[in-house]
Structures are given as structure tokens and as C-alpha cells.
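Read the structure below first, then the notes.
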There are 2 protein chains.
Amino acid sequence: MKPDRIAAEPASYSISELAREFDITTRTIRFYEDKGLLSPARRGQTRVYSPEDRVRLKLILRGKRLGFSLDESREIIDMYDPAHGNVEQLQRLLERIEQQRAQLQQQLRDIQSLMGELDDAEARARASLARNTDS
Amino acid sequence: MKPDRIAAEPASYSISELAREFDITTRTIRFYEDKGLLSPARRGQTRVYSPEDRVRLKLILRGKRLGFSLDESREIIDMYDPAHGNVEQLQRLLERIEQQRAQLQQQLRDIQSLMGELDDAEARARASLARNTDS
DNA sequence: GCAAAGGTTTACGTTAACGTAAACGTAAAC
DNA sequence: GTTTACGTTTACGTTAACGTAAACCTTTGC
């Protein structure tokens, strides 16, 4: 028994559907394809995106939010993909993973301190507001 | 009694000292000045950077690591600076702070998930390595 | 006195990541 | 049958964040 009606997932997406969902332009999606980050199927001339394509796009945009370049995002996404062949490749992959982890930890620290400063700034702003508002 | 010899901080820095410390070029530092992010003193024609200037530079680079544009970084840095005058300004400041906080929280989530995926990727790589190495 | 080390301004070049627009195909809607 | 909506390719334009290079001071060591 296949479970049904559990938030059915579309089998494919058009380019404008994806553009709408992620609030980007179709130009952007085609640009990502041009850069080798996506390779949707074609129905005639028209691009047809699979759920996997959609996930890749999602990962690209997550990378963007973290300030990664498209090249970096592609590297990271390919890390999680199949087809890592020989031993040297795997060694290099492990190194890249370590680098990525270090960078993310740095970002984490940066976020922590920035959050703290935002707290301070908000407190000062509210204090200043109180002073200017009462009386 | 002023405590002395507790990691004495220089009273000023040259442009190349800062460039070396943060591993950027002098061109970059001048560029930031051009964009209004720094305004060092001058000794004759030569730029002289105070410890405060150095901190600002540090904040700019932290912003870069988080994928912020220079304009965004300037905004954030100015948030933590003095001179917020009237009530409307303060209101807008509080809004910006809230936006920033939301963005940082999104980045936090992104980092969490990416970290998890890195763990997976590493595990798979190590498993694959083990398979290819033994026998 | 002069070469080397650091500083300056001015200005053109470059790369990433798209925006914008033209010119065209196709399929559904009226 | 033609507007409307959506898709395509091709190509030139734009912005941010610097790189690179020329042409020029000024101080310091020899």
C-alpha cells in the first residue's frame, strides 16, 4: 500500500514555478544551468525540472545566503552527490569537508558575536527611545 | 596605578601593518575608505589608523565572511555607533536590528543543516575509503 | 647623492552574478 | 485568427569589489 495524500509532491516543475517558489527570476535559473549547477531534462525545447533539480536549486540558494560563490556551492553540492571514485579523490574530498567545517565554525562565531552586539544595540536604542518619549 | 605590559596595544597603525595583519591588500583598505567605511587620520599625506579604525576594519571583514555587502556592513557598524538622534531614526534602527536578527537566524539554520550534511558526507567518504583500502 | 622601502593619487581592467531587451516558437483562450 | 501566457536563444549592459599599473612624493640607510 503506497501511502497517498500525504502532501503529494509534484513529479516535475516548470522554470517559472520554481522561480515563483524561490522568488528568483527565470534568468537566474537559466544562468545557474549555464554555470553547470543545474541540468534539467528537456521536453522538446522546454526545460523540465525534477524534484532532485529542485533540491539542488534549494541548496544553491542556501549557499548564497551563507555568502558562497556559485563555484563553492557547486563543490559542496557535489560533495553530497554520488560518484566519488578513487582513493585520492576521497582524500581530497575529506580535506574539503574539513575546510568547509572550519569555515562554518568561523561563521558561527561571527554570528554569535554579531547577535550579542545586536542585543546591545537594541538595548541602547530602547533606552534612548524611553528618554526621548517620556517627560 | 595603570597596569602595564599586559599586551600593549599600539596607538596607531600604518596601512601596510593592517594589510599584513588581516591578510588583505592596501588597495582594499583604501577602497573601503573610498566607500566611506573608514576615515583614518592623516599625518601629512600619509594615513594613520587608530585602534578604533582597526576595529572597524575587523568588523567589515567579519561582515564579508558572513556574505554581507559593504553597504550592509556599514549599516551594521553604524548601528553600534553613537549618534542616533530622533525617535523615527531609532524606530528604523530597531526595525533594521530585527531584520538583521532574522537573517542571522536563517544563516544559523543553514549552517546547522550544512554541518549535518558534512557529517554524512564524511561518513560516506570514510566508508568508501575503507572499502577501497582493505582487501 | 641616491637607491630602496613605503606612501600617495588617478585611472583603466576584471570577474561574478545576474538584468534587460530583442526576436522568435507554441499552445491555450477567446 | 489573434491576443495572451509561457517558453526559448543570443547578446549586450550593469554593479560590486577589488586588481593592476603608472607616475609621483618622502624618508631612511649606505
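Protein chains get the first letters and strands the later ones, always in sequence-line order, with residue 1 at the start of each.
Side-chain contact check for B:Arg30 and B:Thr25: no donor-acceptor pair (N or O, by modelled atom type) lies under 3.5 Å. Counted by atom type alone, B:Gln99 and B:Arg96 present one or more donor-acceptor pairs between their side chains at under 3.5 Å.
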Q: Report the C-alpha separation of A:Met115 and B:Gln100 in whole Å, then their side-chain angles, then the decisive distance to 0.1 Å, and conclude whether the side chain to side chain contact (heavy atoms under 4.5 Å, CB included) test is met.
A: CA-CA 9 Å; A:Met115 284 271 200; B:Gln100 270 303 322; over 6 Å; no

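Look at C:dC30: its Watson-Crick or wobble partner, with both distances under 3.5 angstrom, is D:dG1. In this entry C:dC18 has D:dG13 as its Watson-Crick or G-U wobble partner, both defining distances falling under 3.5 Å.
Taking the centre and axis of the six-membered ring of B:Tyr32, the NZ or CZ atom of B:Arg74 falls outside the cone set by 45° and 6.0 Å.
D:dG19 atom C1' lies 15 Å from atom CG of B:Asp34, rounded to whole Å. The nearest whole Å value for the distance from the CG atom in B:Asp23 to the P atom in D:dG19 is 11 Å. For the pair A:Tyr49 OH and D:dT8 C1', the computed distance is 11 Å after rounding to whole Å. The distance between atom CD1 of B:Ile15 and atom P of C:dG6, rounded to the nearest whole Å, is 13 Å. To the nearest angstrom, C1' of D:dA17 lies 14 Å from CD of B:Glu72. Straight-line distance from the CZ atom of B:Phe22 to the P atom of D:dC18: 15 Å, rounded to whole Å. Rounded to an integer number of Å, the gap from CG of A:Leu70 to C1' of D:dA16 is 15 Å. If you take CD of B:Glu33 and P of C:dG7, they are 14 Å apart, rounded to a whole angstrom.
Between A:Lys64 and the phosphate of C:dA17, there is no side-chain N or O to OP1/OP2 separation shorter than 4.0 Å. Not one side-chain nitrogen or oxygen of B:Thr46 sits closer than 4.0 Å to the OP1 or OP2 atom of C:dT8. The phosphate of C:dA17 (OP1 or OP2) has no side-chain N or O of A:Thr28 nearer than 4.0 angstrom. For the OP1/OP2 pair of D:dC6 and a distance below 4.0 Å, the side-chain nitrogens and oxygens of A:Ser14 include no atom meeting the criterion.
Nearest-nucleotide positions on DNA chain C place A:Phe31 closer to the 5' end than the other of A:Phe31 and A:Gln45. Judged by closest nucleotide on DNA chain D, B:Lys35 is the one of B:Lys35 and B:Thr25 placed further toward the 5' end.
Within the nucleic acid shown, A:Arg43 has no heavy atom closer than 4.0 Å to any nucleic acid atom. Among the atoms of the strands shown, only primed sugar atoms or phosphate atoms (P, OP1, OP2) are found under 4.0 Å from some heavy atom of B:Tyr32. Using a 4.0 Å heavy-atom distance criterion, B:Thr26 is classed as making no nucleic acid contact.
With hydrogens and angles ignored, no donor-acceptor pair closer than 3.5 Å exists between the side chain of A:Arg30 and the base of D:dT8.
The A:Arg27 side chain lies nearest to D:dA11 when the options are D:dG7, D:dA11, C:dG7.
Each of A:Leu57, A:Ile60, A:Asp34, A:Asp53 was checked for a side chain to side chain contact (heavy atoms under 4.5 Å, CB included) with A:Ile29, and the lone residue meeting it is A:Leu57.
Annotation: side chain of B:Ser113 is in contact with side chain of A:Arg62 (closest heavy-atom distance under 4.5 Å).
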